[in-house]
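Structure record follows, encoded as structure tokens.
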Number of protein chains: 2
Amino acid sequence: MMKRKITLKQIAKELDVSISTVSKSLRNSPEIGEETRLKVQAFAKFYNYKPNNIALSLKNRKTKVIGIIIPEIVHHFFSTVINGIEQVANENGYSVIICLSDDSFDKEVLNMEMLANGSIDGFIMSLSKETQFKGDFHHITEVINQGMPVVMFDRVTNEILCDKVIIDDKAAAYEAVQSLIDKGRKKIALVTTVDYVSVGKLRTDGYIKALLDNDIPFNENLIIKIEDIDTCEITIGKLLEDKAIDAVFAVNELFAVTIIKTANKIGLTVPKDLAVIAFTDGIISKYSTPTITTVSQNGIKMGNKAAKMLIERLETAEEEGNENYKTEVIETHLIERESTH
Amino acid sequence: MMKRKITLKQIAKELDVSISTVSKSLRNSPEIGEETRLKVQAFAKFYNYKPNNIALSLKNRKTKVIGIIIPEIVHHFFSTVINGIEQVANENGYSVIICLSDDSFDKEVLNMEMLANGSIDGFIMSLSKETQFKGDFHHITEVINQGMPVVMFDRVTNEILCDKVIIDDKAAAYEAVQSLIDKGRKKIALVTTVDYVSVGKLRTDGYIKALLDNDIPFNENLIIKIEDIDTCEITIGKLLEDKAIDAVFAVNELFAVTIIKTANKIGLTVPKDLAVIAFTDGIISKYSTPTITTVSQNGIKMGNKAAKMLIERLETAEEEGNENYKTEVIETHLIERESTH
DNA sequence: GTATGTCACGAAAACGTAATAGTGTTGAAA
DNA sequence: TTTCAACACTATTACGTTTTCGTGACATAC
């Protein structure tokens, strides 16, 4: 009971050989005679010897660990991305260490500094709201300058040069709004977030472009920006009652489901009176009543791709200066459900 | 550009003192003269010296990292628990490394072995379905025998002696069913999972006990066990049509929402014709139509507690044999919503 | 019989840190 | 003048690996 893991040194002592001999035996070095080699291997197997990861990390100057920094984890999209990252990480012998920024700049910085001191080989991250708001990215520049690769996904910034994985938010929003127009909807509102969240802005752009391309006048009053989900019902109620709209494009499914519930209270039927379409395909859309048409945002693929890019960069001899950073765009598509039927 | 992190050795060389002097200066040792100390500190600050975590881990024989093994992460309850763990871990200077078992025994074993080789100080885990089915826990016994503390949560087993955090599944199920009875429901069905998932069994026990305590005959035909969520609609439909039940207790919210949707199709109104109550308070229950009454299963608290117990055990001098393992029970309560009104 | 080579293994360095145990210089007490 | 302590620093070890470089013993070649 309570037998600490056995080390090379202990094996060496026990068998009365040198540490080098043990190490070489276990790696099947031809330098070691067969008899000794087999003896060592048998002994090691019996005591279930496994090399110590920390010692290996120190020696090899790499940890085989990927650091993930995301705003929150109780969030369908982000946890899906983690799942995607973990899949390919695991396939390639990497572990993932996860830190949450809680959408706080300070926590993001602290966590990154903590992990950057040798704990991981590279970062995969999505920016916190506060970081995007402040526009301060020095902590990211710093780790990159130290030679630690960073892959950003979803909430990215142009101010940092690194690998990125995103969806074409603008095009996807365009497609969504176009689909509403194709179904004969004329007066389409947009329910979005405040502007400093990069994706929010892009989606707004797509919305506007779709309207204009279809010669529908763009009316600023039909855009409402929500900062706090809990107090948005009044704003949404007003939108629905006053503006006589026949469709809403929401930038996330929480907004969408709130809109539907509010509409029902007012006496509007979805989709007859009001078509609703949402960004971010999550679990709510699938189980809401009516089910909600969404722009799928394939988190798994995004995570897969981000992990692949990071590992690729980690494992190719990093000849300084071949930093041809890529931005991968994950394709989206519309999942048609009841809310726009 | 591309300046690797500076080390004690480099500072020592640069300032022409010994490594020890640098180390001691940075830790404000009185052994070092003020002039030298300040000089070193200034230099270190300028070059943003931070001790290398890996080297510290190797030296101190502890990593300040907690390993988390869970079946899946795209899952409201589990991600909430992670959130709870991360909170207190962070407060105490720990990071979390997360591995997913995908409900596979082999992946669980592999991940644990990987992490157990020095990468972490202790485990927080919830058993995979397959592990519970097989009843094979040797991998857990092994890490415990190596002196690595393990805290299990939610899906636990009696066969392993270690700290545990659970909810009183039986009592909570009892309370839920009792509340249905109090509302005048007589014929209450149970929709649950297959038996080898520990929590499923306990919830069934609570259901039965509540019925019997209220002199309601227990009818085995009113219990249906679902193995695969995707093919359950037929089974559920049959239950609703044939058995003339007036309430359902579902062991998770996915079952609950499926039941409601099926009921609607058949022409039953929830809650008038059918009351529905679910275990596991997640995001679906809150946004479903009607909203679903649930037994809250406070994941944050569970994570908090699990992390506290683990850190407590890690940081108290581990005098061998003071293994008075505890099982903490997190209280639950009913969140009344529309589906049982 | 000397030179060369192979075999089988060991010693030591390196990764970066912290702590224990020295070491040389200075000044003061005896 | 000797002795001892204080001071300010250095050397060394240890954590657990892997790897490079040595080295002694023996055999073969010339």
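Chain identifiers are assigned alphabetically (A, B, ...) following the order of the sequence lines, protein sequences preceding nucleic acid strands; residue numbering begins at 1 within each chain. Owing to the predicted nature of the structure, the values given are computational and were not obtained by experimental measurement.
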Rounded to the nearest Å, what distance is computed from the [atom1] atom of residue [X] to the [atom2] atom of nucleotide [N]?
X       : N      : atom1 : atom2 : value
A/Glu35 : C/dA8  : CD    : P     : 10 Å
B/Glu31 : D/dT10 : CD    : C1'   : 10 Å
B/Asn53 : D/dC15 : CG    : P     : 21 Å
B/Lys62 : C/dA18 : NZ    : C1'   : 13 Å
A/Ile32 : C/dT6  : CD1   : C1'   : 14 Å
A/Asn52 : C/dC15 : CG    : P     : 18 Å
A/Arg37 : C/dC7  : CZ    : C1'   : 13 Å

Check your understanding: Nearest nucleotide by nearest heavy atom, which residue falls closer to the 5' end of DNA chain D, B/Asp16 or A/Ile6?
Key ->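 Mapping each residue to its closest nucleotide by heavy atoms, the 5'-most match is B/Asp16.
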Check your understanding: If you pin B/Thr21 and B/Leu58 to their nearest nucleotides in DNA chain D, which one's is more 5'?
Key ->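 Closest to the 5' end, via its nearest nucleotide, is B/Thr21.
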side-chain N/O [X] vs [N] OP1/OP2, d < 4.0 Å:
X       : N      : value
B/Lys9  : C/dC15 : yes
B/Arg61 : D/dG16 : yes
A/Ser18 : C/dC9  : no

For a quick check of understanding: with a heavy-atom distance under 4.0 Å over all strands, which category does [X] fall into, base, sugar-phosphate or nothing?
X       : value
A/Lys50 : sugar-phosphate
B/Thr36 : sugar-phosphate
B/Ser20 : base
B/Lys24 : base
B/Leu8  : sugar-phosphate

Exercise for review: Would you please say whether a donor-acceptor pair under 3.5 Å links the side chains of B/Asp154 and B/Ser126?
Suggested key: no
**Study point:** Pair A/Asn28, A/Gln41: side-chain N/O donor-acceptor within cut-off below 3.5 Å
**Key:** yes
For the side chain of [X], counting heavy atoms from C-beta on, which of [options] is nearest?
X       : options                : result
A/Thr7  : D/dG16, D/dT19, D/dC9  : D/dG16
A/Ile19 : D/dT17, D/dC9, C/dA18  : D/dT17
A/Arg27 : D/dT19, D/dT10, C/dG10 : D/dT19
B/Ala55 : D/dT10, D/dG16, C/dG16 : C/dG16
B/Lys59 : D/dC21, C/dT17, D/dT18 : C/dT17

Practice item. Run through A/Ser20, A/Ser25, A/Ser23 and flag the one making a side chain to side chain contact (heavy atoms under 4.5 Å, CB included) with A/Ile32. Key: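 Exactly one candidate clears the test, A/Ser25.
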Point to revise | side chain to side chain contact (heavy atoms under 4.5 Å, CB included) assessment of A/Ile66 paired with A/Ile97 | key: CA-CA 6 Å; A/Ile66 294 173; A/Ile97 187 162; over 6 Å; no
Point to revise | Any side-chain heavy-atom pair of A/Asn52 and A/Lys5 under 4.5 Å | key: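 Contact flag for A/Asn52/A/Lys5 side chains = no.
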Check your understanding: Quick one: which of A/His139, A/Arg155, A/Lys107, A/Glu108 gives a side-chain hydrogen bond (donor to acceptor under 3.5 Å, both in side chains) with A/Thr131?
Key -> A/Glu108
